[in-house]
Each structure stands twice: as C-alpha cells, then as structure tokens.
Amino acid sequence: MSNKFPEYKQFNLSQINKDIQKWWEEDDTFHKSMSTREGKPTFVFYEGPPSANGQPGIHHVMARTIKDTFCRYKTMQGFLVKRKAGWDTHGLPVELGVEKLLGITKEDIGKNITVAEYNAACRKEVMKYTDQWEELTRQMGYWVNMDDPYITYDNRYIETLWHLLSKLYKKGMLYKGYTIQPFSPAAGTGLSSHELNQPGCYRDVKDTTATVQFKVVRNEQSEQLFEGEEGDVHFVAWTTTPWTLPSNTALAVGPKVTYVKVRTFNPYTGTPSTVVLAKDLVKAYFKAEHAEVDFSEYEVGGKVLPYEVISEFKGADLAGISYEQLIPWVKPDGDAFRVITGDFVTTEDGTGIVHIAPTFGADDDRVAKQSGIAPLIMIDNEGKRQPMVDRTGKFFAIEDLDADFVASNVNVEAYKEYAGMYVKNAYDNNLTEKDPTLDVHISVMLKKENKAFKVEKHTHNYPHCWRTDKPILYYPLDSWFIRTTAVRDRMIELNKTINWKPGSTGTGRFGNWLENLVDWNLSRSRYWGTPLPIWRTEDGTEEKCIGSTEELVGEIAKAMEAGYMDNNPYEGFEVGVNTKDNYDKIDLHRPYVDDIVLVSSKGEKMFREPDLIDVWFDSGAMPYAQQHYPFENTDVMKDVFPADFIAEGVDQTRGWFFTLHAIATMIDDSVSFKTVISNGLVLDKKGNKMSKRLGNAVDPFETIDKYGSDPLRWYMTTNAQPWDNLKFDINGIDEVRRKFFGTLYNTYSFFALYANIDGFNYSEEEVAFEERPELDRWILSLLNSLIKEVGESYENYDATRAGRAISEFVGENLSNWFVRLSRKRYWGGEMNTDKLSAYQTLYTCLLNVAKLAAPIAPFYMDQLFNDLNAVTNKETKQSVHLATFPSYDEALINKDLEERMNIAQRVSSMVLGLRRKEKLKVRQPLSKIMVPVLNEQFQTQMEAVEEIIKAEINVKEVEYLTDSAGVIKKKIKPNFKTLGPKYGKLMKQIAGAVNGMSQEDIAAFEKAETFNITVGDENIALAMDDVEIMSEDIPGWLVANEGGVTVALDVTLTEELRNEGVAREFINRIQNIRKDSDFEVTDKVNILIAKTEEFDAALAEHADYISNQTLAASLEVVAKLDEASAHKIDIDGTEVLIAVNKQ
RNA sequence: AGUCCCGUAGCUCAGCUGGUUAGAGCGCUACACUGAUAAUGUAGAGGUCCCCAGUUCAAGUCUGGGCGGGACUACCA
C-alpha cells in the first residue's frame, strides 16, 4: 500500500515483462484466476498439443496469443476457464529426428537397433524442447496449466485411444481394406501425405505418354457405333504411365460429355481406323483443315492426317460397351473391359476417355469398385494377391508367381519378354535415365500392333520420395480404415452449428472437405506411435479389438492358459489403479504389444495387426484421452466436453479440427468445439514463408527479450485479421510500443505526476456526472462506447477490432485531446470540483483501459492496474486478471456530445491551419472567429464546446453569423441517398440542376422548404432532406472549410492582444529557463527582466499573469542585467535579458 | 486440378447493409509546439481501389470471368 502513484524514470516493457512474470509466479496468480472462479460456469478450452520435439517459433506466439486472449477475457467475465496443456509425442517427425540423431535409417531398425531401443530413443527425444516450450509459455504470458499436461505416449492416454477404437470397432466402423497409396519402391515403404508434401517432392518430369486404341467388341450394345462401318471401331485413351496399360480393366467416360466417332488412319501403320473420343478434344488430335483432305491423298508417316467426323454420342450411351483387352498378358478374375461412367472425367486433356487401372490409381480403384469392375490381380508364390508390379517396382517375374495362377491366367509367351522389368528406370541399378523406359518398350510394341494412336513425351508434375529421390508409385496396400463416410451427413449437419472464424473456412474449406469425405486411413507402418489394438488369427477369420488394459490382461491370462504365452509381460500392473506409477509398470507400445499372442474363441493363435494408428487420431481424441476417460473422470466429462473454444492455424483445418470433429461425431454424436478460430500464417516482412533454412525466421525469445511480450502480442493481434497471413515486421512492434504503450504510459505518467503533487487518492466523493465539465462527460461517453464495442468484439471473438478500438481511444481521444486540453486543469491551484473531476475522469479512463486491454497485453496492463489501484484501493483484486471485465453504462453514452466535440476538433484544426498560413503563433491571442450557423442545432452544439475551442485556438470570442446578414455564401449538394430511390434514372439531371442553383435559389428553397425543378417533362418538388446546404464562404474574411463547417478568423491585432501575446511569450521563455535549470515543478522563483522599449507595457500590464503561470514570487523589470547571470532570449526578433532564480 | 483467404498510397492495414471529395498509421517533406519532452501536434505530396465484363440512376463495395500472391487438399487420364 502506498500513498503515491509510482513514477518511473524510464519505460521498459521488456523489464516490465520480467517483473510481472516473476510476480505472477510468486503470487501464483494463474491458479488464483481459476480457484477464485471455482463453482462458476465453466468455459471450456482445448489446447491443441504442440510437438515438443520441434523448437517453438514466432508463429506459435500468434496462435497462443489468440488462445490466451479469449481465455483471459472469459476469466474476467467470471467464468472458470480450465485449460490443460498437452504434448503431441508420436509420429514421423519424432522418428526422423531420432534417425538423424543416431545416424541410422529405417533399414537398421530391427537389425542394428532393436525396436525397443529405437522407441526408447523416441520417447526421450520427443520431450527434448519441453524446456523451451515452457519458457516461451511463461515469457509470452500464455496461461495454460502445465502442472499436469496430457502426453500422448502415456499409457493412460493410449488406453483411452484403445477404448475409443474398440467402441468404433463394435459399431462396425473399423475395417481392413486395401487402397491405393503413395509407395516408394526404392525405400520399400508407404509414404504419408505429409511426406509427399515435403518441399521439392513434386518435380516436373518428362515421361513417355501414349494414346492407345481399344478395340470395341461388336454386339447388340455396341451396334450404334458400327452403323455404316465396315472395319473396327476403337476407343482412344491417353495415359502418362503406359506401364499401367497391361493392368487396364476398364475405360471411363463422362456421362454428360459428348463423344464423336471419327474416321481416319492410324498414323503409325497407315491402317484405316475409326476412333471414338470426346468432341471437344478432336482438335487436340486433328487439325481442322485436314478434315477437308481427301482420304486418297493420305501418306503413311506424312504430316497430313485426314479425318471425318461421322456421328455423336453421349457418354452415358457408351456405358456398358465391351472392348478387347489391350495387352492380354494376364486375365483378370471377374467383370472387366467395359466402359463405365465417372464424374471426374473431363475434357481438359487426353481424349475424354480415361484408362482405368484399379491397382495403380486411387480414382481408378474407386470407380472400378463402384461399377463392379475387377482389378488386375496376380497371385504370388506365397498365395498372396498382388498387383502386376511387386514391391521393388518391377513386373512380377514368372517364377515369383503361383504356378496354378500362371497356368490358368497368364499368357506366358507374351508376358515373359516383359516380366521382371522395372516400371521406372530409377528403380533398376543397371539402367540410366538415357535408357529406354518400360513405357517406351510398351509403346513400341503397341505401335507395331496397330494399337498406339499417338506416342509423345510429356512434362508433368510427379511426386518423388524425399528420402531416395526416386519417383513414387501409387500402389495398393492393406490398411485399416475408419468408416467416416458412414457419419458424413451427420458431420456436415453438426458442422453447421459450429461458429467458425472466419466463417468461410467452416463452410468452404472444411465444409467442402466433409462433402467429399473418404474413409479415414488409420494405418501407419511405423514404430513410434499408438499400436492398433487388433489381434487376428492368421487366416483372418477371427479378430479381437482390445478396449482397455484390463481386457488385454484378461486375454493374456487366457492365452497363457492355452499355452500360447509363457508369461504375462504386464505382471504387477494393478487393474483399476490409475496412478502414473502403476501405468509406468507397463508399456503399450511396440515391440511389447507385438510379442503378445492371444487365443481365439476357436483356440487359434491371434497376432496383433502390426500397424500403428495415424497420430491425428491421438490428437483428435484428446477431449477424452486427456481425462483418461472412461477409466477416470467420468463425472467431470460433461463439464469439459465439448469445448466452447479452440484455436489453431488454418493448416489444422483438415488435421486437428477434422479429427476432433470426426471422433466426437462418431463417439458422442456431438460437436467437439463450439467456436474455432483458424489463424493464418506468420510470414516474414516480405511475405515469404519463414524458415530456419532461409534464415528469415524470427526468434520469439529474442523478440520478447528486446520488446516484451505485450507489444508483440498487440502487434500480432491488431495488425491484421487473424485469418489473414501476417507479414511480420519487427518495426511494427516498435511502432506499437511507441504509439500505443508509449502513449498510454505517458498518459499515466502525467496523471501520476500531478496526482502525487495534489495528493489525489480517490478518497473524495465521486463528482456527479452532470457536474463534470463537457470535456469529461465527453471522454466518459467515449469510454463507455469503447467498453461496449470492445466487449462486443471479444464476445464475437474479434480481438483485432477490440485492440484497434482501444488503441484509437488511447491515442486520439484520451491523450491527444482530453489530456492535452485538460493539462492546465491539473496545474497549480487548489483542489476544486473541476480539478477533482479531471483526476477522477482520467483515473477512470486509465483503469478501464487497463481492464479492456488486459486480455491482449496482460503484463503492462497488470502493472498499470496495480499502480492505479495501489493508492486508491478502489479494486479488491490484486491483479487485473482477477478483476471483473467492465460493463458500460448506456446512460453515459451521449452521441450528441461526441458529435459536438467532433465539431470542436474540426473547428480547432481549421483555425490552427489558418493561423499557420498567416504565420500567427497560437501564443498570440486573437479577438474572434466567426462561424456561420445555418440551423439552431448547430449553434447549440457550438455553444456547448465554445470554451474548449477558444482555449485551444487562443481566441477571445466566437461570433455566430446568421443567415440574415446575407454575408454567407452557401453551397448546395444533392442527397443521393434519398433522391436515388425516388427518382432513379433522373438522378444525373437532378444532380445537375441542384448543383447549378444560385444563391437566390438556395435562399428561396430554404424559405419555402421546397423547390421545384423541371427535369425533362417532369416536375419535381425537392424537399429539404433531398439536399444538403452548407456554408462555403464568408466573402472578405480569411476562411477555412471542411466537411460542411466553415470558419472565419479575424486576424486584426490590437495593442491589447499584442501585449497579451508578448506576455505569453515571456511565460514560455521563463518556463523553458525553469526547465533548463532543472527546477522542480513546484519551485518558486524570482524573476528579473532587463528593460526594453517594446515590451515594458506588456510586462507591466500582465505582471500578475506571468507570475502566476511561472510560480514567480517576484517579477521586476530592471534597468540593466549582467549577461553572465542572465539568459538572453529572443522575442519577435528583439533580444531581452532575463534572470530566473530559485527563491 | 479443386477449395478457401488476400489484392485499396512507397510499406502495414481500415472502409458496416452500394450513395458521388476512398481513410488511418508508418515512411518522406515542411512547419509548429515545448512544465507529458529521448515526447507531441499540424499540414503537404503520394491512389487505374489488380484487370475485364455485367447488374444499377449510382460499384472499392454486388455478380460472372480472368490475373497475381498465399494456404490446404489432391495428383487423375
């Protein structure tokens, strides 16, 4: 407790950051902000777990500022805001880090390092940067509970995941299937989309592409195509991967696309040929002028390819037509070689007919399944179903295939020449880029067989494996899926209830994504992650999905009984004891779970499916897993689910936001979060992505250390809407420091300086609002408007708007107008109502600003709050973050007052401008200004602020000029807003007529309050509100004009005015001398001034005034002053000697 | 390729449901002020509101189509 408001020598936000941080830690303010709200309504926030194996960057400050701001705001509103920190600990980035650290590759795992050792290394590695993360959290003032974070590798966390998976399994939403996935034959592993999106993975490559002819089978269905034909008819289709042609089992057409039959020649063999392709793409294969060429002029290999369009078909009409297998090496089992329809077929490239190889394309696989088309499958010598290409990237060698299968399905004679060949040269160590590729070999073969229509090189973008640098294949792999498509409609419905910021992300990016949802591929062939808790018999007929450790331990016991296991690896674990110690006795990770063999109901051995699950399931399940639900906390679940609010980067839209939503929908038929803010990226100041590699990344610690967190947070919040990318410019932080924090600090310092002198401590009665001067009521009105706007903005999750409004209030209104105009009220003199009101008003503004801004700038605002409160004890809380968010008083908001103060500001600004033009210093008083008044309301408004204007511009009088004198020149403008709807098209003419009105017309208009004009044939009666009439000029005077307000300045100087001006000059010089001499503001002085002709009269006349203003005990004009002990000053070019001495 | 965001002064951004003179800050230039002073104020210069078409009496604002930057998802003939 103190009786003085703290005054500071310097303003150092970095130091304040450290001091307040220390104080919060000692005081445990964060926990108090929750404990004091115990029992209050909860506001639920979920923390998206960062991965602690990466260092935090400046963009994390962005996302966390948003999170923190709204949690603090809700706390100040009285909610209990629990927020549990969490760590995302599984997944590929961790594995990669470990491999780099240990200098090993995937191939070493299981050979040179055991899975147990490998995973132990991951477990250690993943928490590598937790210190840094915790430090950043503290320094940036992000209040999140780090005492008991959820950690995704924790066995209890995994147990909840298993519970959820088994729940889904029981609902029939978990299934094993195969899908086409990116696969790197060179590395022998599937790749995640994350890996594919590593920089540089997509590269332009030049490949041999082929447009090939599929011969139509003539039958009843295809008869339409053969009308008028004697020879064969072909479908033509284009492919960038000719090596997939032997696996072709269907052709797809667009149902609404128009196709044409074209008679022409095969350009390689010269054989007459009839082909079918999309009408729009005829021009891509044939030159229009060649349509005129006579077929008899055709030469094989020549540049001219004559053609004739015969007839047209709709894609839908072609569906079902059969064609002969293009490359009959392997016979598929099942329906194949017919035309199907697909919505994805376009006429943008190719022929509008798409070659479908279900084993090598995701789209192909999907449409083939929908149409019941069989994929081209081989059986290997282990009896497994395989695509034509093996996992090393070559066509299966005949000896690697099942002999029975070869006998029944393979045309050995044709296939043997190609068997064993790699589909990309990059996979074959004996080949280089210059060697012909398999694509070329196949194309050559097709040319010879009259099956190729066009073969050419084509450059396209193709993904490469980031580890081997070799191209990837799309390859069918077995995976476990969650049937998210089954709840798609429900997810869409629930999504509509979520408040997305910005809304477009919810309806657009996320909404569209849901519309096109596919089943969630859960499988990952990795080591460090949550194991899939599914055990299967070898033949796959029996399965068990384990939902808890209790269940697993029970199953182990049964397996031991059956003799399949010798010992229980989880011995000592006590079921139902939820302590960390107990759960640390076991490990649910690989390889331990892999060693567990269970027994099926029929007594068969069951082995765990070796997959791990997608790490996104880990994070998406956090609402449940952070509570270890349902093994613990079943009672609190309803209080912490769903979340009221979450926020992350926009890149999480299809990541965390999706998995949260999907899991909550499937498990609880509920949303997982009610409001979500997705923020944009933080780019460098040139708009480039930040990266350590480019060296343009900004270190958050350095930045906070230099500037403090508050300006950083403020800058990030107010510079751009959160969903816009932020071009991060360090100068912007400095600007915020000066503009906002500097101004606020200066305002406080000003307040503290004088409040301490006057001993103000807010112990006096509150000055009644009506008794406060105009200026005070004005700023209080604005303050209440501000509280309203800021409250609404926070409520609407718009901190940008809130911050900008606060900044505007502090900079423009509070500091630049209220304080500037009020300064004299605080100087000297006794405490009276006016002075008290000035203090109370300023105090109220500062205190409320502290509260309003606290969610965004928590450090400085807490200091400001406490500095203000230390003396007054008006607040019972020790921290602004424990205080209650202010509410506004509608009764104090006075729009008319705000408007007239605006007039005062405009008039002042204009007069100051006139003074500058005439080189009349503000210090020189002038006699009057003249203001034309066109209506009473304006005069009333002016009169209310007259004193303020006079003081601000230093004139003695305001003269109101009414119309009657006829000295005012007026201007009239049409009011488009009222005229527009009434007269529409006549607007232009009306505007012309109005603008052309004379002074007499205007006068007549005003008198009659209506005016008739003729436009074309129409007579139009204008009403007063159809126009705006304002003053423009007062002929003969020095006039300024702005926004309809006109003001004239009388620049005549009388002797009296001049003398007063001189007196003011003296005051100014004396004040400067006082300051230069380092006198205290309260020191009394004696003044001696050397006699001069020019100024004696002024000095004599205003001696008291000067003494008063400068705290002079005496003021004497003397004949002579010693230059050494006096100051030489210059007033209007005349030198004067003056001595100012402390009394 | 699809979806979404962004495009307004040299830079960073406002501009609400369309209304006729498009704003602010920074920077630049000039001036002023000086008991808030390593502050502050005022003014000036600076605009093809990305382009084209449309709707309308009226378009920075609405519609369509492009272009450019970014993000995500996908990669398919």
Side-chain angles (χ1 to χ4, degrees), chain A residues 10 182 193 196-197 202 209 211 237-241 244 251-252 342 344-346 348-357 361-364 460-463 474 502 504-505 507-513 516 649-655 680-681 683 685 687-689 718-721 723-727 729 731-732 735 738-739 742-743 745-751 753-754 804 807-808 811-812 815-816 819-820 823 827 909 912-913 915-917 919 921-923 973-981 983-991 1043 1068 1071-1072 1074-1075 1079-1081 1110-1111:
Chain A
Q10 49 152 7
S193 57
L196 232 46
N197 280 311
Y202 280 91
T209 69
T211 305
W238 179 58
T239 178
T240 53
T241 50
T244 61
L251 292 172
F344 65 94
V345 178
T346 67
E348 267 160 40
D349 46 20
T351 62
I353 300 178
V354 179
H355 143 65
I356 300 292
D363 270 342
D364 304 34
H460 63 152
N461 212 241
Y462 199 83
Y474 287 87
S504 59
T505 301
T507 52
R509 182 182 290 197
F510 194 66
N512 289 331
W513 160 258
N516 298 310
V650 69
D651 52 332
Q652 294 296 339
T653 305
R654 283 143 178 185
L681 299 184
L683 308 170
K685 71 177 189 182
N688 300 312
K689 214 167 170 174
T718 57
N719 188 64
Q721 295 289 346
W723 45 85
D724 285 343
N725 290 340
L726 175 68
K727 285 186 194 149
D729 185 353
N731 295 324
E735 189 181 320
R738 277 186 300 129
K739 273 327 277 183
T743 306
Y745 162 80
N746 268 332
T747 306
Y748 166 78
S749 299
F750 174 85
F751 168 81
L753 175 66
Y754 291 104
R804 284 173 175 169
S807 180
E808 162 99 14
E812 291 305 312
S815 169
N816 191 27
V819 173
R820 202 158 53 79
R823 280 184 303 185
W827 294 347
S909 153
L912 291 174
R915 275 179 171 274
R916 184 171 26 260
K917 249 182 239 164
K919 296 208 186 320
K921 292 184 171 180
V922 180
R923 242 180 262 126
K973 263 170 67 178
N975 181 354
F976 290 87
K977 224 167 183 166
T978 59
L979 288 169
Y983 302 111
K985 281 200 169 110
L986 297 172
M987 277 304 294
K988 277 211 176 87
Q989 287 158 288
I990 295 174
N1068 165 250
Q1071 299 288 33
N1072 283 346
R1074 284 183 60 117
K1075 209 173 100 192
F1079 293 173
E1080 290 299 317
V1081 178
T1110 57
L1111 297 190

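Chain letters run A, B, ... following the sequence lines, proteins first, then strands; residues in each count from 1. Quantities reported herein were computed from a predicted structural model and do not represent experimental measurements.
Looking at A/Ser815, its side chain comes within 3.5 Å of the base of B/A36 through a donor and an acceptor atom.
Of all heavy-atom pairs between A/Ala720 and A/Asp724, the closest is CB-CB, 4.3 Å. Considering every non-hydrogen atom in both A/Thr240 and A/Thr209, the closest pair reads CA-CG2, 3.7 Å. Nearest heavy-atom pair, A/Thr244 versus A/Ala357, reported as atom, atom and distance to 0.1 Å: O-CB, 3.8 Å. Taking each heavy atom of A/His355 and A/Ala237 in turn, the nearest pair found is N-CB, 4.1 Å. Scanning both residues, A/Asn816 and A/Arg820, for their nearest heavy atoms gives O-NE, 2.8 Å.
Remark: B/C72 base-pairs with B/G2; criterion is Watson-Crick or G-U wobble with both hydrogen-bond distances under 3.5 Å. B/G19 is paired with B/C57 under the criterion used here, namely a Watson-Crick or G-U wobble arrangement in which both key atom distances are under 3.5 Å. Look at B/A14: it lacks any Watson-Crick or wobble partner with both distances under 3.5 angstrom. Under the Watson-Crick or G-U wobble criterion, with both distances below 3.5 Å, B/A9 has no partner in any strand shown. Applying the Watson-Crick and G-U wobble criteria (two distances, each under 3.5 Å), B/U37 pairs with nothing in any strand.
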Return the polar atom pairs (N/O with N/O) between nucleotides 25-28 of chain B and the protein under 3.5 Å, or none.
from, atom 1, to, atom 2, distance (Å)
B/G25, O2', A/Glu735, OE2, 2.6
B/C26, OP1, A/Lys739, NZ, 3.2

Enumerate the protein-to-nucleotides 56-58 of chain B contacts in which both atoms are nitrogen or oxygen and the separation is below 3.5 Å.
from, atom 1, to, atom 2, distance (Å)
B/C57, O4', A/Gly984, O, 3.1
B/C57, O4', A/Lys985, N, 3.2
B/C57, N1, A/Gly984, O, 3.2

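Comparing A/Thr718 and A/Phe510 by the nucleotide of RNA chain B that holds the closest heavy atom to each, the one mapping nearer the 5' end is A/Phe510. When each of A/Thr747 and A/Asp364 is assigned the nucleotide of RNA chain B with its nearest heavy atom, A/Thr747 is the one assigned upstream, toward the 5' end.
The separation between A/Arg823 atom CZ and B/G41 atom C1' is 10 Å, rounded to whole Å. For A/Leu753 and B/U37, the CG to P distance is 8 Å, given to the nearest whole Å. Rounded to an integer number of Å, the gap from CZ of A/Arg820 to P of B/U37 is 16 Å. Between A/Asn746 atom CG and B/A36 atom P there is a gap of 10 Å when expressed in whole angstrom units. Summarising the geometry, the separation between CG on A/Asp729 and C1' on B/G10 is reported as 13 Å, rounded to the nearest angstrom. Following rounding to the nearest Å, A/Ile353 (CD1) and B/C76 (C1') show an atom-to-atom distance of 16 Å. To the nearest angstrom, C1' of B/U8 lies 13 Å from NZ of A/Lys727. If you take CH2 of A/Trp723 and P of B/C13, they are 14 Å apart, rounded to a whole angstrom.
Between the side chain of A/Arg738 and the backbone N or O of A/Thr743 there is no donor-acceptor pair closer than 3.5 Å.
Rounded to the nearest Å, the gap between the P atom of B/C52 and that of B/A71 is 28 Å. Using atom C1' as the reference point in both B/G18 and B/C49, the two lie 15 Å apart (nearest Å). Using C1' as the reference atom, B/A22 and B/G15 are 8 Å apart when rounded to the nearest Å. Here the separation of B/A45 from B/A38, taken at their C1' atoms, is 28 Å to the nearest Å. Taking the P atom of each, B/U56 and B/G47 are spaced 33 Å apart, rounded to whole Å. Between B/G46 and B/U29, the distance separating the two C1' atoms is 11 Å to the nearest Å. On the C1' atoms, B/G69 is 24 Å away from B/A53, given to the nearest whole Å. Taking atom P in both B/C6 and B/G64, the straight-line distance is 15 Å, to the nearest Å.
In this structure, the separation between OG1 on A/Thr211 and CD1 on A/Ile353 is 11.0 Å, given to the nearest 0.5 Å. Between atom CZ of residue A/Phe751 and atom OH of residue A/Tyr748 there is a gap of 7.5 Å, rounded to the nearest 0.5 Å. The distance from the CG atom of A/Asn719 to the CG atom of A/Asp729 is 8.5 Å, given to the nearest 0.5 Å. The OG1 atom of A/Thr1110 sits 11.5 Å away from the CG atom of A/Asn1068 when rounded to the nearest 0.5 Å.
Within the 4.0 Å cut-off from OP1 or OP2 of B/A39, not a single side-chain nitrogen or oxygen of A/Tyr745 is found.
Across B/C6, B/G19, B/G70, the shortest atom-to-atom separation from the side chain of A/Asn725 is found for B/G70. Nearest nucleotide to the side chain of A/Asp724, out of B/C6, B/C13, B/A36: B/C6. Across B/C13, B/G19, B/A36, the shortest atom-to-atom separation from the side chain of A/Asn719 is found for B/C13. In the set B/A39, B/A14, B/G41, the nucleotide with an atom closest to the side chain of A/Asn816 is B/G41.
Counting non-hydrogen atoms under 4.0 angstrom, A/Glu808 reaches nothing in the nucleic acid. Using a 4.0 Å heavy-atom criterion, one finds that A/Thr240 contacts the sugar-phosphate atoms exclusively. Within the 4.0 angstrom heavy-atom criterion, only backbone atoms of the sugar-phosphate kind lie near A/Asn1068; the bases stay farther away. Nucleic acid contact class of A/Arg804 (heavy atoms, under 4.0 Å, all strands): sugar-phosphate only.
Annotation: side chain of A/Arg823 is in contact with side chain of A/Phe750 (closest heavy-atom distance under 4.5 Å).
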